[in-house]
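Below is one structure, written out as structure tokens; comments come after it.
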Amino acid sequence: MATVIVMPALGNSVESCLIVSWSVTEGDTIAENGILCEVETDKASMEVPSTASGTVLKLLWEEGDDVPVMQPLLVVGEPGEDPAPALADVGFSGAAEPGPEAAPEPAAEAPVAPAATAAAAPADGAYGSSPRARNLAAAEGIDIAAVPAGTGPGGRVIARDVAAVADGTTKAAARAGAVAGEGTGLGGRVSQADLTAPAAPVEEASAPTTAPAAAADSGFPGPYTETPLKGIRKVISERMMHSLASSAQLTYTTTARAQGLLEMRKRLKNSDPVLGMNKVTIGDLVGFAAVKTAARHPAHNAHLVDGVLTTFERVHLGFACDTPRGLLVPTIRDASRLSLGQFSAISKDLAAQAIDGNINPDLLSGATFTVSNLGGFGIESFTPLLNVPQTAILGVDAIFPRAYTDEDGQVRTEQRIGLSLTADHRVIDGADAARFLKDLVAFLENIEIAVLS
């Protein structure tokens, strides 16, 4: 009998995968563990191997489709075999679902995962929703309970279901003129709450006015390109909006003398390779000091979810990583238990995996504190956004010369490094943030002692 191959769950936090390209076509012969397609999650790209051998009878999705995990992906079997019975056995209609940019149409029967892997629906009929779906619903002002049964495994509501509702709501408002002026959402965006609010009375204009006609310009606005956000870029967009909409962010800046950092980096670079320390960078030193500081300030090494503050004894450090696919944040687990050499080696290995696109998605979550380093780009100060539900993030700025007056009144210059700490003011007051930065400055200015502590 034909075998239905499903989209694998590529990590505990992955809800769906975007098909980048198929490696097989209908009629091809595939061996077990042969590559079926390349997919992209919201965090990484990877290849999907076949779990069975045979002839490819039917591809169920197109390139560019966003496929929920554990949903049927394709069917293999004997040449000429009908794939319909195998698809019927797992409750799949046999037709490809709409792509990620299309709002799903109501269907008489939604496709479900194979019986062996489908999530059981609760007795009350509610299929549940993913954390990402709930976060997006909160940012869009949508009641998650109002979202129809989703396209995730077992009818679970996932982020793209919420996005479809949000998109349809906004379009309906635009067509009907339901909301006058700006909405109450972030940046004036129209939310569901605006649509259900009583309409404000519209004042009648005293007299019609006519705007002067502008001279026609056949070349305006010139060539342009429209690129829908999808994949990781779309996820980044949603997360940044949710970060600002769901927390009270405030950034504090200071500087620290960087001469000690520069001198230590020079000694490490020139050290015997046998010691394994010659690849330690300024960024490693600052990140290591940040871990030491976060361990001493529990409110900064914490998550805030639904009014509950969870503080962590260990520091699991996330670090912003620039990749060809966009911003990723790998996590150095148990960073507070590592030596400087271990910290440096693990961070470089994780960064390489993220850049290559083959990092395990589970290594892109679980951070309790994050560092974002733009110093290498010459940025002297910026406002990093919280990686919610975390309560703090450190921005590392450039090292730059600054004038100062010595004890004799002589004007001199010294090298200083900028630091930008963004904290959630709901749980971290200004004085708390100032104490964090004060301790961090002390660690950086005495970095030789800090690495021994």
Side-chain angles (χ1 to χ4, degrees), residues 11-15 41-43 129-144 157-160 162-163 166 184-187 189 191 229 232-252 290-291 294 297-312 314-322 326-333 335 354 361-374 382-396 420-430 432-433 436:
N12 295 329
S13 60
V14 176
E15 300 175 348
T41 72
D42 59 349
K43 299 172 180 176
S129 57
S130 71
R132 208 167 83 203
R134 293 193 292 273
N135 290 341
L136 180 58
E140 296 285 355
I142 293 173
D143 181 1
I144 192 69
V157 173
I158 60 177
R160 72 171 184 173
V162 178
T184 59
L186 191 64
R189 187 170 185 173
S191 68
L229 296 183
I232 192 171
R233 189 72 261 165
K234 186 174 182 180
V235 171
I236 292 172
S237 172
E238 293 170 353
R239 287 179 177 171
M240 294 302 97
M241 289 289 290
H242 174 60
S243 174
L244 286 171
S246 63
S247 56
Q249 304 188 28
L250 188 60
T251 301
Y252 309 83
V291 169
H297 294 264
H300 293 69
N301 187 48
H303 288 175
L304 180 61
V305 180
D306 296 332
V308 178
L309 181 68
T310 302
T311 58
F312 298 89
R314 304 176 192 173
V315 180
H316 308 290
L317 185 71
F319 64 94
C321 183
D322 181 32
L327 174 67
L328 296 179
V329 185
T331 300
I332 305 175
R333 297 182 175 182
D362 291 340
L363 295 177
L364 296 170
S365 61
T368 58
F369 182 81
T370 296
V371 170
S372 177
N373 190 342
L374 292 180
F382 69 106
T383 304
L385 295 185
L386 289 177
N387 191 6
V388 291
Q390 295 171 39
T391 59
I393 180 173
L394 177 68
V396 182
S420 302
L421 176 72
T422 295
D424 193 332
H425 214 322
R426 292 178 297 171
V427 292
I428 298 175
D429 294 331
D432 296 325
F436 179 98

With Ser247 as partner, the option from Leu385, Asp424, Thr422 fulfilling side chain to side chain contact (heavy atoms under 4.5 Å, CB included) is Asp424
So OH of Tyr252 and NE2 of His425: to nearest 0.5 Å the spacing works out to 4.0 Å
Rounding to 0.5 Å, atoms CG (Leu309) and OG1 (Thr391) come to a distance of 6.5 Å
CD1 (Ile428) and CG (Leu304) are apart, to the nearest 0.5 Å, by 9.5 Å
Run the side chain to side chain contact (heavy atoms under 4.5 Å, CB included) check on Phe319 and Ile332 step by step: do they pass?
CA-CA 8 Å; Phe319 64 94; Ile332 305 175; 3.8 Å; yes
Is the shortest heavy-atom distance from the side chain of Ser246 to the side chain of Val388 under 4.5 Å? yes
Closest non-hydrogen contact found for Thr370 with Ala367 is OG1-CB, 4.4 Å
Hits for salt bridge (charged side-chain N to carboxylate O under 4.0 Å, His left out) against Asp322, two or more places apart or cross-chain, chain-then-number order -> none
| Is there side-chain contact between Phe382 and Ser372, with at least one heavy-atom pair below 4.5 Å? | yes
Review point. Would you say Val329 and Thr331 make side-chain contact, with heavy atoms under 4.5 Å?
Key: no
* To do: Describe, in one word, how the ring planes of Phe369 and Phe436 are oriented to each other, choosing from parallel (under 30°), tilted (30 to 60°) and perpendicular (over 60°).
  => tilted
Assess the side chains of Thr251 and Ser420: does a donor N or O sit below 3.5 Å from an acceptor N or O? no
Taking every heavy atom of Ala392 against every heavy atom of Leu421, the minimum-distance pair comes out as CB-CD1, 4.3 Å
Closest heavy-atom pair, Thr311 versus Pro298, reported as atoms and distance to 0.1 Å, is CG2-O, 3.5 Å
When every non-hydrogen atom of Pro384 is compared with those of Gly395, the smallest separation belongs to CG-N, 3.9 Å
- prompt: Hey, are Ser243 and Gln249 close enough side-chain-wise for a donor-acceptor pair under 3.5 Å?
  reply: yes
For the residue pair Arg333 and Leu317, establish whether any side-chain heavy-atom pair is separated by less than 4.5 Å. no
d(Arg239 CZ, Leu327 CG) to nearest 0.5 Å is 9.5 Å
Would you check if His297 and Asp432 make a side-chain contact, meaning some heavy-atom pair closer than 4.5 Å?
-> no
Apply the test side chain to side chain contact (heavy atoms under 4.5 Å, CB included) to residues Val396 and Val371: give CA-CA distance (whole Å), side-chain angles for both, the deciding distance (0.1 Å), then the verdict.
-> CA-CA 7 Å; Val396 182; Val371 170; 3.6 Å; yes
Note to self: Checking Thr368 against Asn301: is there a side-chain donor and acceptor pair closer than 3.5 Å?
What the structure shows: yes
